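Not measured: the values here are computed from a predicted model.
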Amino acid sequence: MKKLFKLILNTIPRPLLIRLSYVARPVLALALKGNTFTDPIDGKSFKMFLPYGYGTQRNNVLSPSTLSLERHRLLWLYLNEETDFFKPELVSGSSVTNTKKIKLRDTETNSALKVLHFAPEQAFYKLFRNQKNLEYTTTDLFSPLADVKADICDLPFEDNQYDVILCNHVLEHIPDDTKAMQELYRVLKPGGMAILQIPQDLSRATTFADDTITDQKERAKIFGQYDHVRIYGRDYFDKLRSIGFKVIEEDYTNKIAPELVEKYCLAKGEIIPVCFK
């Protein structure tokens with residue numbers, strides 16, 4: 001199965017893969033139904049999750065029902081437990097960490113949050129689209145799920161427009177990530193929150209890039225995926241700060257019970273870059 005999934009990922013264009021997955025998803029969910037692992041996004045449980053990876057395959061990471069990966073499930077838990085992203089009413093705190101929730105909306109009006117979502121993931125697309133408390137806009141150059149076809153380095157949006165920006169596993173594809181970060185900062189409202197997840201090697205102090213490596217197989221071996229242009233190190237957070245963001249390096253799996261980290265198939269130690277303007 002691992003070889004099959006690797007072949008599919010590396011040969012089928014991503015826009016087509018997104019469309020095909022809508023057909024495959026209910027079949028996979030039924031075939032793998034069980035009680036070993038649970039997807040917290042929809043609450044469904046399975047005897048196993050699917051393998052995933054363009055280069056080295058990771059076992060038990062792709063949810064059969066939502067097609068979420070470790071980072072998606074971690075982000076969902078954070079948004080649900082630590083912020084009022086999903087709830088227009090006032091809420092006191094997280095049931096997971098017993099901390100006060102981050103207030104993203106105007107507490108007097110409870111107005112809809114203006115959310116900009118780059119390269120929208122299937123795990124979130126319908127869930128966010130159906131939230132009446134969100135004014136939800138998606139954007140990407142190629143995704144069939146994008147409302148607005150746009151270049152992240154030259155966004156067609158006004159300054160200070162969005163309460164929340166979600167841009168996850170995008171910046172590692174962008175040659176001029178400085179310009180992209182500047183655009184994200186520009187369109188975020190003062191006081192707004194941006195979550196800018198990236199694949200990151202925390203053992204590296206500095207980010208690594210090498211444009212002289214052009215062979216796709218070699219790039220996949222070195223960078224983890226053939227279309228990645230860098231491997232981010234620990235300096236990623238300081239680069240975001242240099243743009244102007246206030247950055248919380250949220251080590252959220254350390255706030256979740258170990259048995260739930262295992263049950264939800266999360267990546268222990270993954271850092272969520274939670275950024276504010």
Side-chain angles (χ1 to χ4, degrees), residues 9 12-25 39 41-42 52 62-63 65-80 83-88 104-105 111-174 176-177 179-189 192-199 225 227-228 245 272-277:
L9 286 173
I12 299 179
R14 186 167 181 79
L16 179 57
L17 197 59
I18 290 173
R19 297 182 188 279
L20 292 175
S21 65
Y22 280 100
V23 178
R25 187 163 52 180
D39 185 338
I41 297 175
D42 64 2
Y52 189 87
L62 183 67
S63 166
S65 57
T66 67
L67 298 183
S68 64
L69 294 166
E70 308 101 314
R71 63 180 182 267
H72 305 130
R73 295 187 290 275
L74 185 65
L75 175 57
W76 185 90
L77 287 166
Y78 181 80
L79 290 174
N80 189 59
T83 79
D84 63 352
F85 183 86
F86 290 110
K87 298 178 177 64
L104 300 172
R105 64 187 73 253
S111 57
L113 285 174
K114 293 192 68 175
V115 178
L116 182 62
H117 192 174
F118 287 82
E121 300 93 337
Q122 289 169 273
F124 297 134
Y125 180 72
K126 286 187 176 180
L127 176 66
F128 293 172
R129 180 69 78 200
N130 292 334
Q131 289 291 131
K132 294 182 179 179
N133 62 302
L134 304 180
E135 186 179 325
Y136 180 60
T137 302
T138 60
T139 183
D140 190 72
L141 272 178
F142 306 109
S143 173
L145 303 181
D147 299 317
V148 180
K149 302 294 185 184
D151 181 350
I152 193 172
C153 294
D154 186 20
L155 294 173
F157 308 117
E158 296 179 2
D159 296 356
N160 308 316
Q161 189 168 353
Y162 291 96
D163 298 292
V164 178
I165 292 176
L166 302 174
C167 180
N168 302 320
H169 284 234
V170 172
L171 292 172
E172 69 275 11
H173 297 268
I174 308 302
D176 190 353
D177 65 339
K179 179 60 177 173
M181 291 175 185
Q182 290 170 338
E183 280 291 89
L184 293 172
Y185 186 82
R186 179 181 66 80
V187 302
L188 185 66
K189 287 182 180 179
M193 181 183 76
I195 294 186
L196 311 177
Q197 289 172 298
I198 39 84
Q225 198 165 307
D227 55 352
H228 288 185
F245 290 108
I272 306 175
V274 185
C275 307
F276 295 93
K277 182 174 178 179

ask   = What distance separates Asp39 CG from Ser68 OG, expressed to the nearest 0.5 Å?
value = 3.5 Å

ask   = Do Leu79 and Phe128 have side-chain heavy atoms sitting under 4.5 Å apart?
value = yes

task = Answer yes or no: is there a side-chain heavy-atom contact under 4.5 Å between Val115 and Asp163?
result = no

Residues that Ala119 engages under side chain to side chain contact (heavy atoms under 4.5 Å, CB included), provided they are two or more places apart = Asp140, Val170

Closest non-hydrogen atom pair between Pro120 and Thr139, with its separation = CD-O, 4.0 Å

message = So Ile152 and Glu183, do their side chains get closer than 4.5 Å, heavy atoms only?
response = no

remark   = Leu127 and Gln131 have their tightest heavy-atom pair at O-CG, 3.2 Å

query = Residues in side-chain hydrogen bond (donor to acceptor under 3.5 Å, both in side chains) with Asp159, at least two apart?
reply = Arg186

query = Quick one: are Pro156 and Val148 in side-chain contact, heavy atoms under 4.5 Å?
reply = yes

query = Any side-chain heavy atom of Leu155 sitting closer than 4.5 Å to one from Phe118?
reply = yes

message = To the closest 0.5 Å, what do you measure between CG (Leu113) and CZ (Phe85)?
response = 7.0 Å

message = Looking at Lys126 and Asp42, is any side-chain nitrogen of the basic one under 4.0 Å from a carboxylate oxygen of the acidic one?
response = no

query = Is the closest side-chain heavy-atom distance between Gln197 and Pro273 below 4.5 Å?
reply = yes

Set of residues satisfying side-chain hydrogen bond (donor to acceptor under 3.5 Å, both in side chains) with respect to His117, sequence neighbours excluded = Glu121, Tyr136

inquiry  = Does any part of the side chain of Gln122, heavy atoms only, come nearer than 4.5 Å to the side chain of Thr66, both counted from C-beta?
reply    = no

task = Please identify each residue that fulfils side chain to side chain contact (heavy atoms under 4.5 Å, CB included) with Glu172, with sequence neighbours left out.
result = His169, Ile198, Pro199, His228, Tyr232

task = Would you give the length of the straight line joining atom CG of Leu166 to atom CD1 of Ile195, rounded to the nearest 0.5 angstrom?
result = 6.0 Å

task = Measure the NZ-CD1 distance between Lys189 and Ile165 for me, rounded to the nearest 0.5 Å.
result = 11.0 Å

message = Within the structure provided, determine whether Phe276 and Leu188 are in side-chain contact (heavy-atom separation under 4.5 Å).
response = no

Interatomic spacing from CD1 in Ile174 to CG in Asp151 - rounded to 0.5 Å = 7.0 Å

query = Among all residues two or more places apart in sequence or in another chain, which pass the side chain to side chain contact (heavy atoms under 4.5 Å, CB included) test with Asn160?
reply = Pro190, Lys277

key: side chain to side chain contact (heavy atoms under 4.5 Å, CB included) partners of Asn80, counting only residues at least two apart   = Trp76, Phe86, Lys87

query = Atom CE in Met181, atom CG in Asp176: separation rounded to 0.5 Å?
reply = 10.0 Å

query = Taking all non-hydrogen atoms of both residues, which atom of Thr138 and which atom of Asp147 are closest, and how far apart?
reply = OG1-N, 2.7 Å

